[in-house]
Amino acid sequence: MPELPDVEVRRRLIQETSLNKEIKKVSVLEKRILGNETTPSILSRELCGSIFLSANRRGKYLLLSTSKKNTLLLHLGMTGDIIFVKKGEEKPKWSRVEFYFANGSCLHYTNMRLIGKVALFKTTNPSSIPDIAKLGPEPLERSFTFKKFEKIVKSHSTTIHQLLMEQELIAGIGNIYSDEIAFQAGVRPDKNTKSLTEEEIRQVYKKMKWVLRVAIELGAELDPYPRRFLIPNRDRKGLCPRDSNKIMKKTIGGRSSYFCPLCQK
DNA sequence: CACTCTGTTAGGTG
DNA sequence: CCACCTAACAGAGT
């Protein structure tokens, strides 16, 4: 489930494993994952012989800058992942693009459903990449203050669930974490932004930061999530971790949202 | 077996 | 501009 915390964890993985190593070969196993202007031959020509200098994240996108002044853009879609494999180790399932390093190790972009993107841009400036330029602010940045959040909330009329997921307003939150934030804030996800009280907006803001930060700290793994999280109970017969009542499922803006009708008002 | 559902987003329609 | 729908794809669940 690649939302902001998941993508951030992948960014750290790349940072720890794949920087400053000579890229020897790029294998594109599935061309359909490539962006419009990107071809296997461009990837080979631009990346072979160069190195990844840095791994950054913007919203749900990964940005790898290279020594030939390119930026590799990765989006994981719904089922994408980043897997680092040492020499001799088995290649992961659904590997779509492979970046082989001189020492035989390999960074794999995997994606079962091919919903996602791998693209190379001839720039070192992320904001010149259209996908990045249109994104809203980073929710975890200190500069994303309550005032700014409140302004976004008050200037749109939609459900809080949809607003949190709107990448052009706030970057990185998807269906799952939107639900978790609404749950932690004690606000029904289908509540309209116009009817939120000042205190509710404050709660959503606070919990947004908290949920994302904690999820990253936990490695964005579902298993050890704190019991007070909604996420592990976010299914058909889930129970509210706060009051053990039945979790309700509702379609909001075309997406399935889960919440506790008792403790989320 | 057939049908429904799924973490995302671009693009089309009315 | 907005709300809503679908496609892209593959697998798990009912």
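Below, read A as the first sequence line, B as the second, and so on, with proteins coming before strands; counting in each chain starts at 1. This structure is a prediction, so every number in the text was calculated from the model and none was measured.
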Measure the distance from [atom1] on [X] to [atom2] on [N] and round it to the nearest whole Å.
{"X": "A:I176", "N": "B:dT9", "atom1": "CD1", "atom2": "P", "result": "13 Å"}
{"X": "A:L34", "N": "C:dA8", "atom1": "CG", "atom2": "P", "result": "18 Å"}
{"X": "A:M78", "N": "B:dT8", "atom1": "CE", "atom2": "P", "result": "7 Å"}
{"X": "A:L62", "N": "B:dT8", "atom1": "CG", "atom2": "C1'", "result": "14 Å"}
{"X": "A:E30", "N": "C:dC9", "atom1": "CD", "atom2": "P", "result": "8 Å"}
{"X": "A:N111", "N": "B:dG7", "atom1": "CG", "atom2": "C1'", "result": "11 Å"}
{"X": "A:K60", "N": "B:dT8", "atom1": "NZ", "atom2": "C1'", "result": "6 Å"}
{"X": "A:K93", "N": "C:dG11", "atom1": "NZ", "atom2": "P", "result": "6 Å"}

For atom [atom1], what is the distance between [N] and [M], given to the nearest Å?
{"N": "B:dT9", "M": "C:dA12", "atom1": "C1'", "result": "23 Å"}
{"N": "B:dC1", "M": "C:dC9", "atom1": "P", "result": "24 Å"}
{"N": "B:dG7", "M": "C:dT14", "atom1": "P", "result": "15 Å"}
{"N": "C:dA8", "M": "B:dA2", "atom1": "C1'", "result": "22 Å"}
{"N": "C:dG11", "M": "B:dA10", "atom1": "C1'", "result": "23 Å"}

Just to confirm, is there a sub-4.0 Å distance from OP1 or OP2 of [N] to any side-chain nitrogen or oxygen of [X]?
{"X": "A:H75", "N": "B:dT9", "result": "yes"}
{"X": "A:R255", "N": "B:dC5", "result": "no"}
{"X": "A:T79", "N": "C:dC9", "result": "no"}

Output yes when [X] and [Y] qualify as a salt bridge under the 4.0 Å nitrogen-oxygen rule, no when they do not.
{"X": "A:K25", "Y": "A:E98", "value": "no"}
{"X": "A:E46", "Y": "A:K122", "value": "yes"}
{"X": "A:K117", "Y": "A:D131", "value": "yes"}
{"X": "A:E8", "Y": "A:R57", "value": "yes"}

Under 4.0 angstrom, heavy atoms only, what part of the nucleic acid is [X] near: base, sugar-phosphate, or nothing?
{"X": "A:S157", "result": "sugar-phosphate"}
{"X": "A:G254", "result": "nothing"}
{"X": "A:T158", "result": "nothing"}
{"X": "A:K249", "result": "sugar-phosphate"}

Q. Any side-chain heavy atom of A:L239 sitting closer than 4.5 Å to one from A:I247?
A.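 No; the side chains remain at least 4.5 Å from each other.
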Are A:L163 and A:I176 connected in the hydrophobic side-chain network, where two residues link if heavy atoms are under 4.5 Å apart?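 As far as the 4.5 Å side-chain criterion goes, A:I176 and A:L163 are connected within one cluster.
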Which of B:dA10, C:dG11, B:dT6 is nearest the side chain of A:W94? It is C:dG11
* Look at the side chain of A:R113 and decide which nucleotide, out of B:dG7, C:dA10, B:dT9, has an atom nearest to it. =>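 That would be C:dA10.
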Pairing partner (Watson-Crick or G-U wobble, both distances under 3.5 angstrom) of B:dG11
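In the structure as shown, B:dG11 has C:dC5 as its Watson-Crick or wobble partner.
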